[in-house]
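Heads up, the thing below is written out as structure tokens.
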Amino acid sequence: GRLRVMMEPFAAKRPADTDESVYDFASRRIGREAADYLVQPMVSGVYGGVAERLSLRACFPIMAEMEAQYGSLVKAMIAKKKQARAAGKKSGGPSGPGGWLTSFRGGLYRLIERFNERYGEFIRTEQAVAQITRENEQYSVQVTDGEALQAKHVVLALPAYATAPIVAPLSTELAHSFSAIPYAPIAVVCSGYPKSAVTRELDGFGFLVPRKEQMTILGSIWTSSIFTERAPANAVQFRTMVGGDGDHDSVNLSDDDLLARVNRDLDRIVGLRGDPSLVKIYRWSHGIPQFRIGHGDVMNRIESQLTELGNLYIAGNAYYGIGLNDCVKQAWRVAQAIS
């Protein structure tokens with residue numbers, strides 16, 4: 001492991017004009033074992049994806065840029081650390097900028113509540129957009145209740161699979177491009193235990209599982225260890241992910257079967273005594289968009305088609321990054337373009 005990292009600056013260069021997978025990149029630069037036990041679980045934890053299928057350029061553009069500019073991740077990190085030190089900042093790592101996990105008291109749903117408090121008069125719930133058409137310089141947004149809203153600018157902040165049928169009247173080619181972005185199913189099992197039921201210390205973020213370990217879960221976040229007010233003082237909370245692009249079946253299991261799998265795998269890692277005192281299961285058949293090899297080409301087509309139509313914009317996690325930070329950046333860019 002350490003020798004391989006020391007040899008990383010001498011690793012083979014990326015094949016020219018190739019949309020390389022995350023796995024192939026990691027294997028080429030830091031070795032197959034590191035790709036299996038470090039990179040693959042990170043990818044499954046973040047994207048619910050399979051590293052061999054995902055595009056490095058789309059998922060981790062900073063890594064691709066580091067290699068292109070410096071020829072080596074190690075050299076790039078040294079250079080960026082020097083630059084950050086000179087600027088009095090933290091340099092972050094190859095997968096993204098440095099930082100820490102944060103949330104709101106009551107969870108991220110507080111964002112939704114605050115939006116409703118401030119902009120409730122502009123928000124319409126329990127209604128869906130059926131389709132978008134265009135006449136001259138105006139878009140007509142047709143709602144399922146029969147009303148049509150006229151707008152010069154339209155922002156499509158829906159999942160890609162939901163956007164496709166809505167824009168079909170504008171362009172079948174654009175609709176096909178949105179449909180080309182696949183999603184992976186995810187089941188999230190939130191479970192609470194008395195502290196006395198957990199035999200190992202939960203001093204950390206949680207854990208991710210390499211596929212080669214042949215467990216049925218992708219990983220588990222120790223929510224009560226990361227955030228305050230997530231569990232009573234004498235209890236702990238786990239948020240465990242199951243499914244992903246490598247497992248499209250587990251999300252369809254019964255609650256009892258899904259919970260049994262989660263408890264069995266959690267027990268192997270943290271040592272559990274007894275059943276959880278609280279369980280809540282969330283299932284997402286279209287959980288996480290997958291930036292597979294060729295995602296850049298799909299985005300180029302979408303951008304070209306949007307430009308041709310004009311005054312039509314996209315925001316959300318299916319395009320330029322799946323994280324909340326990525327979505328905020330994209331929303332800012334869209335707002336600036338409209339204003």
For a 4.5 angstrom cut-off between non-hydrogen side-chain atoms, does [X] reach [Y]?
X: F238; Y: V198; value: yes
X: I217; Y: M241; value: no
X: V189; Y: R261; value: no
X: P289; Y: N317; value: yes
X: V155; Y: L312; value: no
X: N311; Y: V154; value: no
X: L218; Y: V209; value: no
X: F104; Y: E113; value: no

Quick one: does any side-chain atom of [X] pair with a main-chain N or O of [Y] as donor and acceptor, under 3.5 Å?
X: R57; Y: G296; answer: no
X: N136; Y: Q138; answer: no
X: S44; Y: P41; answer: yes
X: Q40; Y: L38; answer: no
X: S171; Y: V167; answer: no
X: S27; Y: Y23; answer: no
X: T199; Y: V270; answer: yes
X: Q330; Y: I314; answer: yes
X: D245; Y: A184; answer: no
X: D265; Y: T216; answer: yes

Apply side chain to side chain contact (heavy atoms under 4.5 Å, CB included) to residues R114 and Y119 and explain how you reach the verdict.
CA-CA 8 Å; R114 187 59 175 152; Y119 308 112; over 6 Å; no
Enter the distance from [X]:[atom1] to [Y]:[atom2] here, rounded to the nearest 0.5 Å.
X: R200; Y: I269; atom1: CZ; atom2: CD1; result: 7.0 Å
X: D267; Y: L272; atom1: CG; atom2: CG; result: 5.0 Å
X: C59; Y: R53; atom1: SG; atom2: CZ; result: 13.0 Å
X: E173; Y: I302; atom1: CD; atom2: CD1; result: 10.5 Å
X: D247; Y: D249; atom1: CG; atom2: CG; result: 6.0 Å
X: S140; Y: R134; atom1: OG; atom2: CZ; result: 12.5 Å

Does [X] have more than 12 heavy atoms from other residues, nucleotides or ligands lying within 6.0 Å of its [atom1]?
X: E147; atom1: CD; result: yes
X: Q336; atom1: CD; result: yes
X: E308; atom1: CD; result: no
X: Q214; atom1: CD; result: no
X: D203; atom1: CG; result: no

Is there any side-chain hydrogen bond (donor to acceptor under 3.5 Å, both in side chains) pair reaching into residues 270-283, and which pairs are they, with sequence neighbours excluded?
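Checked against side-chain hydrogen bond (donor to acceptor under 3.5 Å, both in side chains) - neighbours excluded - the pairs reaching residues 270-283 are D255-R283.
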What side-chain hydrogen bond (donor to acceptor under 3.5 Å, both in side chains) pairs are there with at least one residue in residues 227-242, not counting sequence neighbours?
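Residue pairs with at least one partner in residues 227-242: S103-R230, R105-E229, S220-T240, T223-Q237.
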Report yes or no: do [X] and [Y] belong to one cluster of Ile/Leu/Val/Met/Phe/Trp/Tyr joined by side chain heavy-atom distances under 4.5 Å?
X: Y47; Y: M299; result: no
X: L266; Y: I281; result: yes
X: V50; Y: I293; result: no
X: V143; Y: I132; result: yes
X: I181; Y: L156; result: yes

How close do [X] and [Y] get, counting heavy atoms only, and between which atoms?
X: V242; Y: S250; result: CG1-CB, 3.5 Å
X: W222; Y: G204; result: CE3-O, 3.7 Å
X: A318; Y: A160; result: CB-CB, 4.0 Å
X: P185; Y: V251; result: CB-CG1, 3.8 Å

With side chain to side chain contact (heavy atoms under 4.5 Å, CB included) as the criterion, how do N325 and V328 come out once you've worked through the C-alpha distance, each side chain's angles and the decisive distance to 0.1 Å?
CA-CA 5 Å; N325 291 356; V328 170; 5.7 Å; no
Can you list every ring-ring contact (aromatic ring centres under 6.0 Å, His included) pair that touches residues 132-169, not counting sequence neighbours?
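Listed once each, the pairs are H153-Y313, Y161-Y183, Y161-H286.
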Considering only NZ, NE, NH1 and NH2 on the basic side and carboxylate oxygens on the acidic side, decide whether [X] and [Y] come within less than 4.0 Å.
X: E213; Y: R268; result: no
X: D36; Y: R211; result: no
X: R29; Y: E20; result: no

Show, in sequence, the C-alpha distance, side-chain angles and deciding distance for I186 and V188, and conclude whether the side chain to side chain contact (heavy atoms under 4.5 Å, CB included) test is met.
CA-CA 6 Å; I186 290 287; V188 182; 3.8 Å; yes
Could you check R110 against E117 for salt bridge (Lys or Arg N to Asp or Glu O under 4.0 Å), going step by step and ending with a plain yes or no?
CA-CA 10 Å; R110 183 62 187 134; E117 290 167 10; 3.0 Å; yes
Given S177 and Q305, is the side chain to side chain contact (heavy atoms under 4.5 Å, CB included) satisfied, shown in steps?
CA-CA 9 Å; S177 296; Q305 290 148 11; 3.2 Å; yes
Do [X] and [Y] have side-chain N/O donor and acceptor atoms under 3.5 Å apart?
X: R124; Y: Q127; result: yes
X: Y319; Y: D326; result: no
X: D24; Y: S21; result: yes

Where does the angle between the aromatic ring planes of F291 and H295 fall among parallel (under 30°), tilted (30 to 60°) and perpendicular (over 60°)?
parallel
